[in-house]
Amino acid sequence: MAFNKYPPGIISPGYLSRKALPIKKNDAEPLTREDVQYDLLDCIFSDTKAVFTDPFKDQEKVTFGDLYISALHNSNKCSKVLKDKMVETPAFAIELGKISLLTNVGRINTTMAFFPEMKTALRTYHPVPSLQKTDGNAQDAPRIKNCLKAALLASESKGIPPATPEEILSKRRAGLCPPTSVVNLVFVLSTHAAPLSPTHFDGTLNFLDLFIPGKGYASYERAQAFLWFIYHYLEDAEGPNPFADKFAQKNPGKAPQLRELGENEVENIDTQEEIQWGRAMSARRNTFLQQLVSSLEYEKRTGRSAAPLFISVTPENGTGRRSQRQVYDSTPREEGSFLFYVPSQNSATSARSERGRNQHALRTVTEAEVPAGPRLSRRNMVDHAWIIATTTDPLDDSDGERGESEHVLLDYGMHRCDLFPLPRVLSILRYWF
């Protein structure tokens with residue numbers, strides 16, 4: 001027989017907030033400081049108490065920020081390029097840690113990407129001005145989540161990590177320190193936020209509420225409560241907790257109390273520079289999609305296989321055609337035209353740009369049209385493909401790469417290849433390199 005273990009009149013915490021947990025934004029809309037709760041993240045990662053055991057540094061005690069970044073760095077899914085960048089640019093590592101923590105608790109879902117050249121219709125682009133000061137092209141959410149899932153202890157890599165708070169505490173009592181990785185602990189605490197609410201709070205708040213905007217609690221106190229959770233489960237659930245306040249000290253097992261913001265206290269205010277950068281990146285995304293539409297329209301008119309399209313919707317009149325798969329509930333907040341995903345159909349029509357159509361028109365180039373000058377020695381296909389793959393941007397559409405050399409003109413125009421078509425060779429090299 002099912003029963004409600006929470007007091008009458010109190011809705012089970014976690015479930016309602018869980019539905020509203022992921023950030024919801026239209027394509028190209030920036031994520032503000034309020035959206036990501038920047039002040040909370042800053043308080044968490046700037047805390048200077050070195051009380052956590054880093055399993056990758058010979059039981060060395062480190063701060064939470066160092067512990068979390070170390071877990072990301074040692075993930076099996078963290079690429080060598082990303083690892084090198086984290087070491088060379090510590091500020092980038094902190095930014096990556098902050099956006100990864102948001103992904104860890106479920107605020108950033110896997111439909112988001114953070115570079116404007118993203119083409120897939122499965123995700124939407126969002127600039128994050130406050131967390132992209134060192135690198136405008138952060139990892140997209142699916143790659144971040146894959147990195148998080150692989151951030152395990154050496155003892156967990158070939159087994160199953162603990163999946164409940166009780167299992168974690170049991171391993172800690174058995175002498176394993178830390179009992180699991182900090183990333184897996186955050187996953188577990190997020191999943192079990194509702195049942196843990198009466199254990200560590202009063203039943204009206206839960207672990208996930210620490211990250212949700214609009215609750216009215218001060219960022220510093222929320223950060224201390226979060227760090228209390230991490231220390232309680234990773235280090236010591238019985239002894240004194242360095243992040244406990246007077247209330248938590250008098251009530252073992254209870255998290256620190258959260259202070260409400262005063263009437264004149266304001267947090268998470270975007271700087272003017274961040275606002276301008278966010279608008280600029282939104283405009284860049286809009287331009288990129290318009291060019292993509294023009295290119296796809298050209299391919300459709302020339303009889304090539306159709307691909308998913310993006311069409312323009314103007315907020316003022318909303319006359320643009322929307323897809324049945326459209327998931328946005330309202331028009332974009334930013335001024336101007338934004339583009340949304342629409343599956344291609346034989347009868348589909350959209351606004352055509354003559355300028356874009358002319359820019360993306362392709363034609364065959366003959367040897368006679370190669371610019372005059374010293375004739376270059378003929379390259380073999382592997383050499384040529386290697387040079388192209390290492391000197392062009394892999395995010396650019398191949399139709400937008402306009403070669404200057406004789407080799408590029410001949411190979412794009414005449415498709416000279418002894419073994420494979422040039423696009424196939426390039427795709428193979430770009431995949432591996």
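If you're wondering where the values come from, they're calculated on a predicted model, not measured in any experiment.
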Seminar exercise, completed: residues 244-253 vs salt bridge (charged side-chain N to carboxylate O under 4.0 Å, His left out), sequence neighbours excluded, gives none
Exercise. What residues form a ring pair (Phe, Tyr, Trp, His ring centres under 6.0 Å) with Tyr125, not counting sequence neighbours?
Worked result: none
Exercise. What's the shortest heavy-atom distance between Met112 and Ile23, and which atoms?
Worked result: CE-O, 3.1 Å
Problem set entry | Heavy-atom closest pair, residues His126 and Glu29 | ND1-O, 3.0 Å
Exercise. Asp27 side chain to Thr124 main-chain N or O, any donor-acceptor pair under 3.5 Å?
Worked result: no
Problem set entry | Nearest non-hydrogen partners of Phe243 and Pro256, listed with the distance | O-CG, 3.3 Å
Seminar exercise, completed: One should read off an interatomic distance between Leu153 CG and Phe56 CZ, to the nearest 0.5 angstrom, of 6.0 Å
Exercise. Any side-chain heavy-atom pair from Glu265 and Arg259 closer than 4.5 angstrom?
Worked result: yes
For this session: Dump the intermediate steps for side-chain contact (heavy atoms from CB on, under 4.5 Å) on Tyr231 and Lys49, then the final yes or no.
Result: CA-CA 11 Å; Tyr231 186 89; Lys49 296 184 182 69; over 6 Å; no
Exercise. Can you list the steps and then say if Ser219 with Arg222 is a side chain to side chain donor-acceptor pair (under 3.5 Å)?
Worked result: CA-CA 5 Å; Ser219 294; Arg222 284 185 287 156; 3.2 Å; yes
Problem set entry | Partners meeting salt bridge (charged side-chain N to carboxylate O under 4.0 Å, His left out) with Arg143 (sequence neighbours left out) | Asp140
Exercise. In Å, rounded to the nearest 0.5 Å, how long is the span from CG of Asn109 to CG of Leu21?
Worked result: 9.5 Å
Exercise. If we only count heavy atoms from C-beta on, is the Asn268 to Thr32 side-chain gap below 4.5 Å?
Worked result: no
Exercise. Tell me the salt bridge (charged side-chain N to carboxylate O under 4.0 Å, His left out) pairs involving residues 66-75, sequence neighbours left out?
Worked result: none
For this session: Not counting sequence neighbours, list each pair that qualifies as a side-chain hydrogen bond (donor to acceptor under 3.5 Å, both in side chains) and has a residue in residues 149-175.
Result: Glu156-Thr180
For this session: Hey, could you give me the NE2/CD1 distance between His232 and Ile230, rounded to the nearest 0.5 Å?
Result: 11.5 Å
Exercise. So how far is it from Thr111 OG1 to Ile108 CD1, rounded to the nearest 0.5 Å?
Worked result: 9.0 Å
Exercise. Under a 4.5 Å cut-off applied to non-hydrogen side-chain atoms, are Asn104 and Ser190 in contact?
Worked result: no
Exercise. Using a distance-only test with no angle check, is there a side-chain donor-acceptor pair under 3.5 angstrom linking Tyr217 and Asp209?
Worked result: no
For this session: Salt-bridge test for Glu273 and Lys133: reply yes if a basic N is under 4.0 Å from a carboxylate O, no otherwise.
Result: no
For this session: In plain terms, say whether Asp35 and Arg107 are close enough for a salt bridge, that is, a side-chain N and a carboxylate O under 4.0 Å apart.
Result: no
Exercise. Do Val128 and Leu31 come within less than 4.5 Å of each other through their side chains, counting heavy atoms only?
Worked result: yes
For this session: Give a yes or no on whether the backbone of Ala193 and the side-chain of Ser197 come within a donor-acceptor separation of less than 3.5 Å.
Result: no
Exercise. Got a second to check how far Leu258's CG is from Leu210's CG, nearest 0.5 Å?
Worked result: 6.0 Å
For this session: Provide the closest heavy-atom pair for Ser70 versus Asp54 in the form atom of the first, atom of the second, distance.
Result: OG-OD2, 3.0 Å
Exercise. How long is the span from the CG atom in Leu96 to the SG atom in Cys78, to the nearest 0.5 Å?
Worked result: 7.5 Å
For this session: Measure from the side-chain N and O atoms of Asn251 to the backbone N and O of Lys254, and report whether any donor-acceptor pair falls under 3.5 Å.
Result: no
Exercise. Is there a donor-acceptor contact under 3.5 Å linking the side chains of Glu235 and Thr53?
Worked result: yes
For this session: Using salt bridge (charged side-chain N to carboxylate O under 4.0 Å, His left out) as the criterion, list what pairs up with Glu95, not counting sequence neighbours.
Result: none
Exercise. In chain order, what residues pass the side-chain hydrogen bond (donor to acceptor under 3.5 Å, both in side chains) check against Thr103, with sequence neighbours excluded?
Worked result: none
Problem set entry | For the student: nearest non-hydrogen atoms of Ser130 and Glu274, plus distance | CA-OE2, 3.8 Å
Exercise. Minimum heavy-atom separation for Pro127 to Ala28, with atom names?
Worked result: CD-O, 3.9 Å
For this session: Determine whether Leu148 and Leu72 make a side-chain contact, defined as any pair of heavy atoms from C-beta on separated by less than 4.5 Å.
Result: yes
Problem set entry | Exceeds 12 heavy-atom contacts within 6.0 angstrom, atom NZ of Lys145 | no
For this session: Quick one: do Ile44 and Lys98 satisfy side-chain contact (heavy atoms from CB on, under 4.5 Å)? Show the steps, please.
Result: CA-CA 9 Å; Ile44 290 175; Lys98 290 177 179 179; over 6 Å; no
Problem set entry | Flag, side chain of Asn184 to backbone of Leu152, donor-acceptor distance under 3.5 Å | no
Exercise. Charged N to carboxylate O below 4.0 Å: is that the case for Glu267 and Arg33?
Worked result: no
For this session: Name all pairs fulfilling the salt bridge (charged side-chain N to carboxylate O under 4.0 Å, His left out) condition that reach into residues 71-83, sequence neighbours left out, sorted by first residue then second.
Result: Lys80-Asp84
Seminar exercise, completed: By side-chain hydrogen bond (donor to acceptor under 3.5 Å, both in side chains), Asn241 pairs with (sequence neighbours left out) none
Exercise. Can you find a pair of side-chain heavy atoms, one from Met281 and one from Arg284, that are under 4.5 Å apart?
Worked result: yes
Problem set entry | Any residue meeting ring pair (Phe, Tyr, Trp, His ring centres under 6.0 Å) with Phe187, in chain and number order, not counting sequence neighbours | none
Exercise. Under 4.5 Å between any side-chain heavy atoms of Val81 and Lys85, yes or no?
Worked result: no
Problem set entry | Intermediate values then yes/no, side-chain contact (heavy atoms from CB on, under 4.5 Å), Asn206 and Leu196 | CA-CA 7 Å; Asn206 64 58; Leu196 287 178; over 6 Å; no
Exercise. Side chains of Lys119 and Phe288: does their closest heavy-atom pair fall under 4.5 Å?
Worked result: yes
For this session: Name all pairs fulfilling the ring-ring contact (aromatic ring centres under 6.0 Å, His included) condition that reach into residues 70-114, sequence neighbours left out, sorted by first residue then second.
Result: none
For this session: Only counting residues at least two apart or in another chain, list the ones meeting ring pair (Phe, Tyr, Trp, His ring centres under 6.0 Å) with Phe226.
Result: Phe64, Phe207, Phe211
